[in-house]
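Because the structure is predicted, anything quoted here is derived from the model rather than measured.
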Amino acid sequence: MENVVVVVASFANEADLARFCFYIDFETRPDFEDEVPEHEQPLFALCEELSMPYEKISQGLQIQYDFLNMPEPNEQLAAMGALATALNAKAFACTWRDEYDVGAGILKAGAYEPVAGEPTDNQDKNIAKRLKKQSLDEVAAYLIEQQLKNS
């Protein structure tokens, strides 16, 4: 199924941002568990099956990755959310669009939670409206802004 996914994460320091990028960037992502320190092997397990991003946009301590045709997006987004949580992200948001639906997710209490679109039952109507009117990038930026404001 064809889809477009935007993932944005914000960090408090360069070291955590760099580790997040290390695990997401295809060029630096380790191929084998023994390529990472023992204490980071759970992080490697999260990222082992992630799709390759086609674009990366950095701005200070915030990073945006864009993906095309991500298989099993809910599983992959949950893994990226867990990685962001493990690396002390201040905020994490994703937006996606496929031929049938649009959706969004954030970190809530340290876990990835869909907030609009499938598979969530408790849609945030404000976010659902934004997804219909704005680009995926704009909605993801809005979600990050709201999380940073509330933290």
Side-chain angles (χ1 to χ4, degrees), residues 1-108 110-120 124 127-128 130-132 134-148:
M1 176 182 297
E2 196 168 299
N3 62 36
V4 176
V5 178
V6 173
V7 172
V8 180
S10 181
F11 292 87
N13 62 64
E14 282 287 334
D16 291 338
L17 171 64
R19 285 320 273 172
F20 184 78
C21 293
F22 171 78
Y23 283 104
I24 302 294
D25 291 355
F26 191 72
E27 298 82 27
T28 58
R29 186 183 308 163
D31 293 320
F32 304 102
E33 191 175 79
D34 62 359
E35 295 177 12
V36 298
E38 191 172 321
H39 69 279
E40 286 190 9
Q41 288 178 357
L43 302 181
F44 170 80
L46 289 170
C47 300
E48 204 169 3
E49 302 296 322
L50 293 180
S51 293
M52 181 175 71
Y54 77 88
E55 187 170 22
K56 173 183 176 180
I57 303 167
S58 296
Q59 185 176 11
L61 294 173
Q62 189 166 296
I63 190 77
Q64 174 180 319
Y65 287 100
D66 297 344
F67 298 85
L68 281 176
N69 301 324
M70 178 186 281
E72 305 298 331
N74 288 318
E75 291 175 21
Q76 290 199 46
L77 295 170
M80 284 187 238
L83 176 66
T85 298
L87 293 171
N88 307 309
K90 290 174 34 182
F92 174 88
C94 63
T95 53
W96 54 267
R97 174 174 281 118
D98 64 26
E99 54 197 282
Y100 304 109
D101 203 4
V102 293
I106 60 171
L107 284 184
K108 204 170 205 176
Y112 172 74
E113 179 177 304
V115 291
E118 292 296 326
T120 185
D124 181 317
I127 296 169
R130 284 178 180 276
L131 284 165
K132 290 179 181 172
Q134 296 178 306
S135 72
L136 295 178
D137 294 8
E138 291 170 324
V139 177
Y142 168 79
L143 292 169
I144 290 288
E145 181 183 305
Q146 294 304 306
Q147 288 176 70
L148 292 174

Just to verify, what does Ala9 make a side-chain contact (heavy atoms from CB on, under 4.5 Å) with, not counting sequence neighbours? Phe11, Phe20, Ile63, Phe92
CG on Asp34 to CZ on Phe44, rounded to 0.5 Å: 8.5 Å
In terms of heavy-atom contacts, Ala93 and Ile144 come closest through N-CD1, 3.7 Å
How would you list, by chain and number, every residue that makes a side-chain hydrogen bond (donor to acceptor under 3.5 Å, both in side chains) with Tyr112, sequence neighbours excluded? none
Distance in Å, Tyr65 OH paired with Ile24 CD1, rounded so as to fall on 0.5 Å steps: 6.0 Å
For the pair Val139 and Val6, evaluate side chain to side chain contact (heavy atoms under 4.5 Å, CB included) and give the outcome as yes or no after the intermediate values. CA-CA 10 Å; Val139 177; Val6 173; over 6 Å; no
Closest heavy-atom pair and its distance - Gln147, Leu107: OE1-O, 3.7 Å
Considering all heavy atoms of both residues, which atom of Ala104 and which atom of Ile127 are nearest to each other, and what is their separation? CB-CG2, 3.8 Å
Does the side chain of Pro73 come within less than 4.5 Å of Asn3's, by heavy atoms? yes
In Å, rounded to the nearest 0.5 Å, how long is the span from CZ of Phe22 to CG of Leu43? 10.0 Å
Under 4.5 Å between any side-chain heavy atoms of Val7 and Phe67, yes or no? yes
Taken to the nearest 0.5 Å, the spacing of Leu77 CG from Glu113 CD works out to 13.5 Å
How close do Gly105 and Leu143 get, heavy atom to heavy atom, and via which atoms? O-CD1, 4.3 Å
Distance (rounded to the nearest 0.5 Å) between Glu33 CD and Glu38 CD: 9.0 Å
Those residues at least two apart in sequence (or on a different chain) that pass side-chain hydrogen bond (donor to acceptor under 3.5 Å, both in side chains) with Arg29 are none
Indicate yes or no for a side-chain donor-acceptor contact from Glu75 to the backbone of Glu72 under 3.5 Å, with no hydrogens or angles considered. no
Contact between Leu68 and Val4 at the side-chain level, heavy atoms closer than 4.5 Å - yes or no? yes
Test log, rule side chain to side chain contact (heavy atoms under 4.5 Å, CB included), inputs Val8 and Cys94: CA-CA 6 Å; Val8 180; Cys94 63; over 6 Å; no
Heavy-atom pair of closest approach, residues Glu35 and Pro30: OE1-CA, 3.3 Å
For Ala82, all residues meeting side-chain contact (heavy atoms from CB on, under 4.5 Å), sequence neighbours excluded: Leu46
Work out which heavy atom in Thr28 is nearest to a heavy atom in Cys21; give both atom names and the distance. OG1-O, 3.6 Å
For the residue pair Tyr23 and Glu40, confirm or rule out a side-chain donor-acceptor distance under 3.5 Å. yes
For Glu145, which residues count as a side-chain hydrogen bond (donor to acceptor under 3.5 Å, both in side chains) partner, sequence neighbours excluded? none
Do any side-chain atoms of residues 47-61 form donor-acceptor pairs under 3.5 angstrom with protein atoms, and if so which ones, sequence neighbours left out?
from	atom 1	to	atom 2	distance (Å)
Ser51	OG	Gln76	OE1	3.2
Ser51	OG	Gln76	NE2	3.0
Lys56	NZ	Asp25	OD2	2.7

Are side-chain N/O atoms of Asp66 and Gln64 paired as donor and acceptor at under 3.5 Å? yes
Is it the case that the side chain of Arg130 and the backbone of Tyr142 share a donor-acceptor pair, with hydrogens and angles ignored and the cut-off at 3.5 Å? no
Nearest 0.5 Å, please: how far is CD in Glu2 from CE in Met70? 14.0 Å
